[in-house]
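Read the structure below first, then the notes.
In what follows, every chain begins at residue 1, and chains take the letters A, B, ... in the order their sequences are listed. Predicted model, so just to flag it, every value in this text is computed and none were measured. For the numbers below, each heavy atom of this structure counts, side chains included, while hydrogens, waters and symmetry mates do not.
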Amino acid sequence: MVDNPMDFSKIEKKWQKRWEEKKIFEVKEDSKKKKYYVLEMFAYPSATGIHMGHSFNYTIGDIFARFKIMNGFNVLHPVGYDALGLPAENAAIKDGTHPEEYTNKSIQNFMKQQKGLGLTYDWTRLINTANPDYYKWDQWIFLKMFEKGLAYQKTSAVNWCPSCATVLANEQAQDGTCDRCDSPVEIKHLKQWFLKITDYADELYEEVDKLDWPDKTKAMQKNWIGKSHGTEIDFEINGEKWPIFTTRPDTIFGVTFMVVSAQHTKLMELVTKEQKKDVEKFLKKLGSVSEKEQADMEKEGVFTGSYATNPANGAKVPVCAGNFVVADYGAGMVMAVPAHDQRDFEFAKKYGIEIKQVISGKISPTRAWTDSGKLINSKEFDGLENEKAKAKITDWLIKKKIAKRVVNFRLRDWGISRQRYWGTPIPIIYCDKCGAVAVPEKDLPVELPKKVKFGEGNPLETNKDWIKAKCPNCGGMGRRETDTMDTFVNSSWYFLRFCDPHNDKAIFDPKKVSYWCPVDLYIGGAEHACMHLIYHRFYTKFLADLGLIKFREPTPRVFHQGMINDEKGEKMSKSKGNVVEPLETMATYGVDTTRHFLVSVASPDKGFNWSYNGIAGSLRFTRRVMEYFSNAKDGKDSPEIISKLNQIIKSVTEDYETLQYRKATIELKELLDLMDKSPVSKDTKEKFLKILSPICPHITEELWEKMGNKGFLSLEKWPDYKEVKQKEKANIDENIIGYVSEILKKVEQKQEVKKIFIYVVPFELPLIKQDKIKKAFKQEVKIFSLSDKNKYDPSERASRAVPGKPAVYFE
RNA sequence: GAGGGAGUAGCGAAGUGGUCAAACGCGCGGGACUCAAAAUCCCGUCUCUUCUGAGUUCGGGGGUUCGAAUCCUCCCUCCCUCACCA
């Protein structure tokens with residue numbers, strides 16, 4: 001730790017106050033100005049306040065917003081809170097505080113802290129998702145989806161914690177235990193609400209390629225959606241057609257059994273009387289393990305008693321129920337080809353089922369042959385390359401009308417039901433006569449009841465007054481849906497609401513949205529690569545289909561900041577006691593110093609380890625800036641400064657644009673070093689302040705004022721720079737003559753020179769005027785290209801030639 | 001198992017075909033200032049050196065090229081994500 005003798009906090013408070021008073025970051029639509037929408041991912045306000053990761057995230061976005069403001073853009077940079085969700089409810093259960101109270105406190109805390117960072121937020125656009133004015137529109141979108149058949153109910157398995165009497169998300173049920181109380185998780189089947197995101201699977205998949213997102217994130221999204229082309233083939237079982245999905249129709253002659261998922265809804269139709277007991281025993285065993293555990297289990301199964309007919313060769317093969325087939329992917333049943341699929345292979349080995357090879361290749365005692373090869377044992381298809389056979393066999397089966405080409409996705413519909421209080425109520429009323437009925441739009445929002453009891457399951461369910469509701473259809477007595485929505489619903493469209501946050505007539509004014517959207521730069525952690533970033537794309541596409549918006553991708557450019565760990569490289573956590581508090585740090589070193597440090601260690605997408613020595617380095621820099629401006633006198637710019645300044649402004653501008661802030665800090669330091677060495681003009685100093693301003697907004701604002709300027713530096717125009725010309729190309733001959741003469745002078749002192757050999761880089765040879773160079777010297781001059789291997793002695797040294805600096809020999 | 005990313009000086013980290021022994025920061029060494037220290041500033045920090053250069057480097061091997069840290073290929077190591085998706 002280093003003492004900080006300079007009192008930055010006074011300067012910080014002064015400028016934060018002025019920015020707020022003059023409302024300089026509040027924005028309105030302005031058709032004359034180009035817009036830019038910078039957004040950091042929605043934060044969950046927790047009682048513990050902001051941590052270093054938040055600060056890093058905000059700093060990255062804020063630097064960018066400031067840069068864009070100074071470049072003349074109308075910048076929308078809003079902030080809001082994703083306030084509904086589990087943590088508030090957990091706190092309520094634990095401490096007895098009402099979630100609303102907890103949330104409001106947390107938000108107040110967050111706001112205070114964020115304001116201390118001097119961020120360019122337009123605070124008038126604040127969103128709090130726990131506010132009925134906001135979640136009313138969650139409900140509105142839900143109703144639209146319900147109307148279009150995109151919101152529907154089905155029974156599905158959930159992770160259930162018997163001790164907390166609640167449903168757990170997959171993340172909360174890792175290792176098969178509840179992450180709060182460690183009780184073993186059970187599987188329970190409940191009727192739940194789903195959003196039909198799979199209707200958009202293909203578009204979601206295909207449009208990933210168009211996005212300017214990190215490659216890794218794009219790959220993850222594609223994997224998650226998982227598009228695969230294959231063939232659906234009907235197998236006959238007990239006189240009925242049962243389709244299966246396969247990507248390997250070429251192996252159909254090698255099918256020796258079938259496996260139906262143990263969770264298949266129609267499993268019992270396949271089970272014969274004799275086998276019923278065995279199957280039930282098997283299911284019972286499976287029922288006690290979670291899905292996660294099943295993944296680690298050995299492949300197991302049980303014979304159902306039924307046989308399937310292979311449509312390719314008429315062979316009768318047994319149908320088994322198995323633990324390794326996913327019920328809701330494909331048809332929930334597979335044709336098993338143990339010779340060429342590792343899972344089927346293991347299963348067949350275990351139960352002694354025949355392994356029939358149909359593709360040439362070597363099957364080892366432990367591994368199936370899953371590579372390519374030629375078909376064997378496949379009748380008329382023998383000898384075909386298996387890749388070609390896929391198409392041929394599919395065509396053959398299609399002709400027989402028992403197959404079709406299909407595309408399957410691994411993406412599942414989005415289950416949004418949560419048996420929780422602190423979420424958006426699902427606007428549905430159940431009526432004995434009419435079933436599930438939508439709450440009419442005029443009755444929105446369905447508000448959460450204020451009075452609730454925690455600790456006895458879902459507080460909505462135990463609230464008898466709230467549940468009672470008239471059926472909107474028949475007027476009879478009904479009951480409200482007590483499930484609330486997944487919080488990811490709230491963050492799926494909030495970026496739209498920021499464009500028109502106080503609209504009480506509509507979800508938003510399409511005109512406003514079409515001015516600001518899509519989001520030009522979206523910044524947040526990579527952990528949202530699969531869930532949030534898919535959901536908000538889905539919502540966007542749905543709203544576009546409703547005709548409310550004109551774009552189909554919400555965030556064409558996404559940036560992930562890296563993780564900040566402690567000095568040893570370990571993750572910061574309360575329990576380890578290694579948390580570096582951003583606010584303490586800022587109080588000690590100053591906000592600008594901290595901002596500078598956060599972006600000066602590594603490029604922001606990489607993350608880094610915290611270092612007190614490192615931030616001392618940033619402090620040296622900010623202090624030097626302050627001292628320089630209070631001491632240095634104005635002078636005249638040297639030509640060196642002018643060209644360097646130009647060059648630095650150019651590259652710093654590019655660095656900001658590409659978020660390579662670290663490079664910018666290096667070049668800013670270089671410029672400061674230069675200014676320190678020789679006097680520079682006031683203009684140069686001002687330019688320096690301007691280009692430093694996005695990273696260090698407070699001190700630069702102060703110094704700007706001290707230089708006698710009025711108004712805000714934050715709103716000043718970004719300095720221009722002249723394109724640095726590549727003069728090398730224009731004066732290539734001159735350069736070479738100059739370079740060679742210089743060396744010649746030295747050499748002539750030692751020896752007499754009769755011949756000069758010049759080796760230039762290949763691409764230069766056609767560009768230079770050889771005559772001109774030859775005339776410049778009284779000696780005989782020979783010019784070669786480095787690629788002329790068989791010309792005069794291209795010894796190793798010749799290869800030292802670089803553009804503008806040829807290799808030279810004298811004789 | 002599948003996919004993604006990374007390996008550069010004591011450490012962090014730039015550099016993505018030529019001007020690279022490699023910016024910048026930290027650390028370390030020396031110096032200035034000081035009675036002294038802290039802070040600050042200057043110089044140095046791969047090896048050798050006649051201080052002007054020379055040599056060996058960018059996980060390892062092979063290749064392309066006049067020229068490779070940078071392109072291709074194989075291998076090794078590490079990190080992350082999804083994992084029974086037929």
Side-chain angles (χ1 to χ4, degrees), chain A residues 2-5 214-228 230-231 244-249 251 258-259 261 291-292 294-299 322-337 340-344 346-347 370 408-412 526-527 529-530 563 567 569 596-597 600-603 605-606 608-609 611-621 623-624 627 660 662-670 673 676 728 735 739 746 759-765 784-789 791 794 796 798-805 807:
Chain A
V2 187
D3 287 338
N4 176 16
D215 287 342
K216 186 185 175 178
T217 307
K218 290 208 267 186
M220 278 166 73
Q221 287 238 337
K222 284 193 130 183
N223 280 338
W224 192 264
I225 300 166
K227 185 178 184 178
S228 69
T231 310
I244 58 95
F245 174 74
T246 181
T247 54
R248 295 295 306 272
T251 61
M258 308 289 285
V259 188
S261 168
E291 239 176 274
K292 279 261 171 189
Q294 254 187 58
D296 300 328
M297 275 168 64
E298 208 180 320
K299 318 247 165 314
N323 66 346
F324 66 97
V325 175
V326 179
D328 48 4
Y329 180 78
M333 173 156 27
V334 297
M335 63 177 215
V337 185
H340 307 293
D341 181 284
Q342 188 57 25
R343 293 154 301 186
D344 300 347
E346 284 167 29
F347 192 89
T370 51
N408 252 313
F409 295 93
R410 46 181 302 179
L411 183 72
R412 320 281 173 81
E527 67 274 15
C530 286
M563 287 270 288
E567 297 209 70
H596 182 272
F597 176 62
S600 70
V601 188
S603 56
D605 56 326
K606 287 246 172 79
F608 59 94
N609 296 343
S611 152
Y612 284 102
N613 284 328
I615 195 169
S618 287
L619 181 59
R620 263 190 280 280
F621 175 78
R623 244 188 236 169
R624 255 186 79 194
E627 268 158 28
Q660 296 194 276
R662 179 167 198 276
K663 280 174 72 189
T665 62
I666 290 164
E667 279 162 318
L668 285 160
K669 200 238 162 199
E670 227 178 281
D673 285 346
D676 237 346
E728 290 83 15
N735 279 354
Y739 179 76
K746 280 187 198 167
Y759 289 84
V760 298
V761 163
F763 79 82
E764 279 181 336
L765 194 65
F784 304 103
S785 156
L786 284 179
S787 54
D788 296 336
K789 271 188 185 164
K791 295 278 170 60
E796 215 187 304
S799 67
R800 305 215 146 206
V802 294
K805 287 184 186 175

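Partners of S228(A) under the side-chain contact (heavy atoms from CB on, under 4.5 Å) rule, at least two apart in sequence or in another chain, are F245(A), T247(A), Y329(A), N408(A). Listed by chain and residue number, F621(A) satisfy the ring pair (Phe, Tyr, Trp, His ring centres under 6.0 Å) test with H596(A) (two or more places apart in sequence, or in another chain). Residues that satisfy the salt bridge (charged side-chain N to carboxylate O under 4.0 Å, His left out) test with D676(A), not counting sequence neighbours, are R624(A). With sequence neighbours left out, K218(A) forms a salt bridge (charged side-chain N to carboxylate O under 4.0 Å, His left out) with no residue at all. For E667(A), the salt bridge (charged side-chain N to carboxylate O under 4.0 Å, His left out) criterion is met by no residue, not counting sequence neighbours.
As rounded to the nearest Å, U65(B) and C76(B) have P atoms that lie 28 Å from one another. The separation of A21(B) from A14(B), taken at their C1' atoms, amounts to 15 Å, rounded to a whole angstrom. Comparing the P positions of U70(B) and A54(B) gives a spacing of 24 Å, expressed to the nearest Å.
As judged by a 4.0 angstrom heavy-atom cut-off over every strand, V601(A) is placed among residues touching the sugar-phosphate backbone only.
In this structure, C78(B) and G5(B) make a Watson-Crick or G-U wobble pair, each of the two defining distances being under 3.5 angstrom. Across every strand in view, U52(B) sits unpaired, with no contact that passes the Watson-Crick or G-U test at under 3.5 angstrom. Partner assigned to G27(B) is U45(B), using Watson-Crick or G-U wobble distances below 3.5 angstrom.
Between K218(A) and G3(B) there is no side-chain N or O to OP1 or OP2 distance below 4.0 Å.
Between the CZ atom of F245(A) and the P atom of C84(B) there is a distance of 16 Å, given to the nearest Å.
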Practice problem: Treat primed atoms plus P, OP1 and OP2 as sugar-phosphate and everything else as base, then score nucleotides 21-26 of chain B 5' to 3': B for base contact with protein heavy atoms under 4.0 Å, S for sugar-phosphate contact only, - for none. | Solution: --BBSS

